[in-house]
Amino acid sequence: MKKQKVNKPAVHIVQKELLQPYNPVTINLIGAGGTGGQLLTALARMNHALTALGHAGIFVRVFDNDIVDTANLGRQLFTTAELGQYKAVALINRINRFFGTNWKAETVRYDKASLKDKDLASAIITISCVDTVAARYEIAEILQHLINQYGGRNRVKYWLDFGNSRSSGQVILSTLEKIKQPASEQYRPVEVLPLVTEEYKDLLEASEDADETPSCSLAEALSKQDLFINSALANCGASLLWQMFREGILFNRGFFLNLADFRTQPLKVA
């Protein structure tokens with residue numbers, strides 16, 4: 001009799017340098033607004049936990065050239081004392097004081113015009129929390145350029161993208177190059193996770209909000225984005241990142257979240 005063919009579950013085995021690094025794993029966080037601010041706090045908690053477990057931890061740079069204004073108060077993590085400050089500076093100063101880190105704020109946009117220094121532009125993990133599809137495409141272009149031009153210790157490996165509309169959103173992990181996978185009898189290791197800008201081009205363009213003007217009040221901001229969509233995405237996305245560091249194997253490379261009916265749909269490695 002012929003043996004019945006068994007389909008092995010697809011997985012992605014995380015780059016081994018993330019699990020036992022000699023130096024902190026570099027992360028570029030692009031965007032310090034609703035999602036980025038929430039995620040930065042989660043990253044600080046993650047760093048504290050990792051170092052307590054004997055890991056080298058993470059080093060984060062936050063890129064954002066936006067200024068705190070009154071419409072940001074309440075929905076984003078800012079106080080009246082921080083009005084007029086750069087968002088990146090306000091958040092990083094607070095995190096560094098609270099956790100004793102030495103993370104950096106970069107008060108520039110993460111774009112081709114601002115980033116001439118490849119060491120600054122490149123990090124092992126890039127996390128984008130940006131508002132527009134155009135910004136995502138530019139980030140993708142920069143990261144792909146770095147793969148061809150930069151061979152330093154912080155050569156970019158992973159891109160974790162956060163995006164949302166009023167009450168729904170998604171978090172998707174991509175690789176910038178093939179991640180060498182070990183042989184496995186139990187699983188089918190996958191070395192490439194497609195770029196979000198290629199795999200979900202139609203979704204991204206459909207989710208683009210035609211009105212890109214800044215909100216003038218909290219009420220106006222809440223008409224565009226639900227109060228808790230950013231924190232919900234940030235916490236679930238941070239859990240994915242935590243799984244990368246602690247377990248080293250991914251069955252899912254992201255998820256789709258809908259707060260209107262409290263549904264989360266995992267995006268499996270395929």
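Note that these values count all heavy atoms, side chains included, but never hydrogens, waters or copies made by symmetry.
Remark: the backbone N or O of Val192 is not paired with any side-chain donor or acceptor of Thr175 at under 3.5 angstrom. Side chain of Thr51 to backbone of Gly57: no donor-acceptor contact under 3.5 angstrom is found. A donor-acceptor pair under 3.5 Å links the side-chain atoms of His55 to the main chain of Leu18, judged by distance alone. Remark: side-chain polar atoms of Asn154 are not paired, donor with acceptor, to backbone N or O of Asp119 under 3.5 angstrom. Between the side chain of Asp64 and the main chain of Ala32, a donor-acceptor pair closer than 3.5 Å is present. A side-chain donor-acceptor contact under 3.5 Å links Asn96 to the backbone of Trp103. Proximity of a side-chain donor or acceptor of Thr264 to a complementary backbone N or O of Leu257 within less than 3.5 Å is not detected. Listed for the Arg253 side chain is no donor-acceptor partner under 3.5 Å among the backbone atoms of Ser174. Not a single donor-acceptor pair under 3.5 Å links the side chain of Gln38 to the backbone N or O of Asn235.
With Val269 as the fixed residue, the side chain to side chain contact (heavy atoms under 4.5 Å, CB included) test singles out one of Ile249, Leu193, Val11: Leu193. The ring pair (Phe, Tyr, Trp, His ring centres under 6.0 Å) test with His12 is passed by exactly one of Tyr187, Tyr158, Phe251: Tyr158.
Heavy-atom neighbours of Arg109 CZ from other residues, nucleotides or ligands within 6.0 Å: at or below the threshold of 12. Within 6.0 Å of the OH atom in Tyr137, the count of heavy atoms belonging to other residues, nucleotides or ligands exceeds 12.
Atoms CG and CD, from Leu173 and Gln243 in turn, are 10.5 Å apart once rounded to the nearest 0.5 Å. Atoms OG1 and CG, on Thr126 and Asn28 in that order, are 5.0 Å from each other to the nearest 0.5 Å. Between the CD atom in Glu106 and the OG atom in Ser114 there is a gap of 10.5 Å [rounded to 0.5 Å]. Expressed to the nearest 0.5 Å, how far CG of Leu250 lies from CG of Leu241 amounts to 9.5 Å. Note: Leu83 CG to Asp69 CG = 7.5 Å, rounded to the nearest 0.5 Å. Taken from CG in Asn164 to CD1 in Ile229, the straight-line distance is 5.5 Å, to the nearest 0.5 Å.
If you check the side chains of Ser128 and Asp161, you find a donor sitting under 3.5 Å from an acceptor.
With contacts defined as side-chain heavy-atom distances shorter than 4.5 Å, the pair Ser122/Gln149 does not qualify. Looking only at side-chain heavy atoms (C-beta outward), Arg45 and Phe99 come within less than 4.5 Å of each other.
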Applying side-chain hydrogen bond (donor to acceptor under 3.5 Å, both in side chains), run through Ser168 and Asn258 and close with a yes or a no. CA-CA 4 Å; Ser168 63; Asn258 189 324; 5.3 Å; no
Could you walk me through whether Glu17 and Lys157 satisfy the salt bridge (Lys or Arg N to Asp or Glu O under 4.0 Å) test, starting with their C-alpha distance in whole Å, then the side-chain angles of each, then the deciding distance to 0.1 Å, before giving a yes or no? CA-CA 11 Å; Glu17 284 86 293; Lys157 300 292 184 183; 5.7 Å; no
Pair Ile139, Trp159 - check side chain to side chain contact (heavy atoms under 4.5 Å, CB included), show working. CA-CA 10 Å; Ile139 290 167; Trp159 176 20; 3.9 Å; yes
Go through it in stages, so that I can follow the logic: the residues are Asn65 and Thr107, the test is side-chain hydrogen bond (donor to acceptor under 3.5 Å, both in side chains), and I'd like the CA-CA distance, side-chain angles, deciding distance and then a yes or no. CA-CA 5 Å; Asn65 69 335; Thr107 57; over 6 Å; no
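Residues Leu233 and Phe262 do not share a hydrophobic cluster, clusters being chains of Ile/Leu/Val/Met/Phe/Trp/Tyr side chains in contact below 4.5 Å. Residues Phe59 and Ile27 fall within the same hydrophobic cluster, defined by Ile, Leu, Val, Met, Phe, Trp and Tyr side chains chained together at heavy-atom separations under 4.5 Å. Tracing side-chain contacts under 4.5 Å through hydrophobic residues (I, L, V, M, F, W, Y), one never reaches Leu19 starting from Met244; they form parts of separate clusters. Transitive grouping of hydrophobic side chains (ILVMFWY, heavy atoms separated by less than 4.5 Å) keeps Leu73 and Ile67 in distinct clusters. No path of Ile, Leu, Val, Met, Phe, Trp and Tyr side chains, each step under 4.5 Å between heavy atoms, connects Leu29 with Val89, placing them in separate hydrophobic clusters.
Residues Glu191 and Lys180 are not paired through a salt bridge, judged by the lack of any N-O separation under 4.0 Å between the basic side chain and the carboxylate.
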